Amino acid sequence: MRFAIGEFAHETNTFCPGFTELDAFQSSCWHEGDEIFSRKRWVRNDLGGMIDAEERLGVELVPILATTTQRSATVSKHAYETIRNTLFIRLQSAGPLDAICLALHGAGSADGIEAMEGVFLAELRALVGVEISVIVSLDLHGNTTAEMIEHSTAAFYYHSYPHIDSYDRGAEIIEVAARILKGEIRPVKHLLRLLITIPPTTTFSGPAKIIYERCFEWESTQVCSIATLRTVSRRPTSR
Ligand SMILES: [Zn+2]
């Protein structure tokens with residue numbers, strides 16, 4: 001089993017003037033190929049979880065590109081296209097792959113692209129086809145679109161704010177990719193928008209805690225134990 005791994009994450013505040021340019025990504029976090037292993041191994045985040053799962057599950061990971069930067073203004077067209085193109089070129093030269101596992105955050109906007117991850121995933125699907133699993137981890141306050149659901153095989157959101165479980169979600173998407181490949185599971189996706197907004201506070205108390213407890217309880221009673229759980233905690237000033 002050979003899985004590509006990577007990250008393209010941005011939390012965009014569309015009220016910020018100007019654009020987030022490529023150098024913001026390059027100066028904050030830009031790792032290509034094996035550098036992802038040396039920089040992200042043992043880090044308690046999505047990529048650290050993916051990398052730690054490699055040995056445990058006996059899979060081979062092919063590191064592609066990992067880039068992110070601080071939350072900031074809309075991603076410029078040049079930055080978006082350069083990151084996408086770098087990812088795609090590396091994927092095309094990665095050899096045979098059984099899955100593509102990416103940390104995407106989910107709250108990105110680029111110049112002319114309101115919902116960045118949906119467009120990115122559609123473009124990725126156009127490149128790699130519909131047979132290969134594309135599994136993503138997302139921040140729980142990202143904005144899910146129908147396009148993201150359509151073009152990903154499965155999406156796993158952080159459960160907690162503060163995000164103390166991003167490592168677990170990273171490991172989970174590798175596990176799920178392996179189980180899909182073995183024919184043990186076949187993810188089914190459904191996007192349901194609830195007409196509620198809860199305060200953007202910690203998930204360890206208040207309404208978010210109650211909602212998550214209900215979700216975990218519900219999940220434990222289902223025949224299929226893999227469910228994507230998400231609460232809506234959208235901050236009005238960022239998408
Ligand atoms: Zn977050």
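Start at 1 and go down the list; that is how both ligands and their atoms are numbered. The structure presented is a predicted model; accordingly, all values stated were derived computationally and were not measured.
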(request) Following the transitive rule for hydrophobic clusters with a side-chain heavy-atom cut-off under 4.5 Å over Ile, Leu, Val, Met, Phe, Trp and Tyr, establish whether I64 and I89 coincide in one cluster. (result) no

(request) Starting from the Zn ion (ligand 1), look over the N/O/S atoms of H141 and name the nearest one. (result) NE2

(message) Taking the cut-offs as 6.0 angstrom to the six-membered ring centre and 45 degrees off its axis, would you call R169 and F156 a cation-pi pair?
(response) no

(message) Please verify the inter-ring angle class for F8 with F120; under 30° counts as parallel, over 60° as perpendicular, anything in between as tilted.
(response) perpendicular

(request) Measure from the Zn ion (ligand 1) to each N, O or S atom of H163 and report whether any distance is below 2.8 Å. (result) yes

(message) Under 6.0 Å between ring centres: does that hold for H163 and Y161?
(response) yes

(message) Can you tell me if, anywhere in D139, an N/O/S atom lies at a distance from the Zn ion (ligand 1) that is smaller than 2.8 Å?
(response) yes

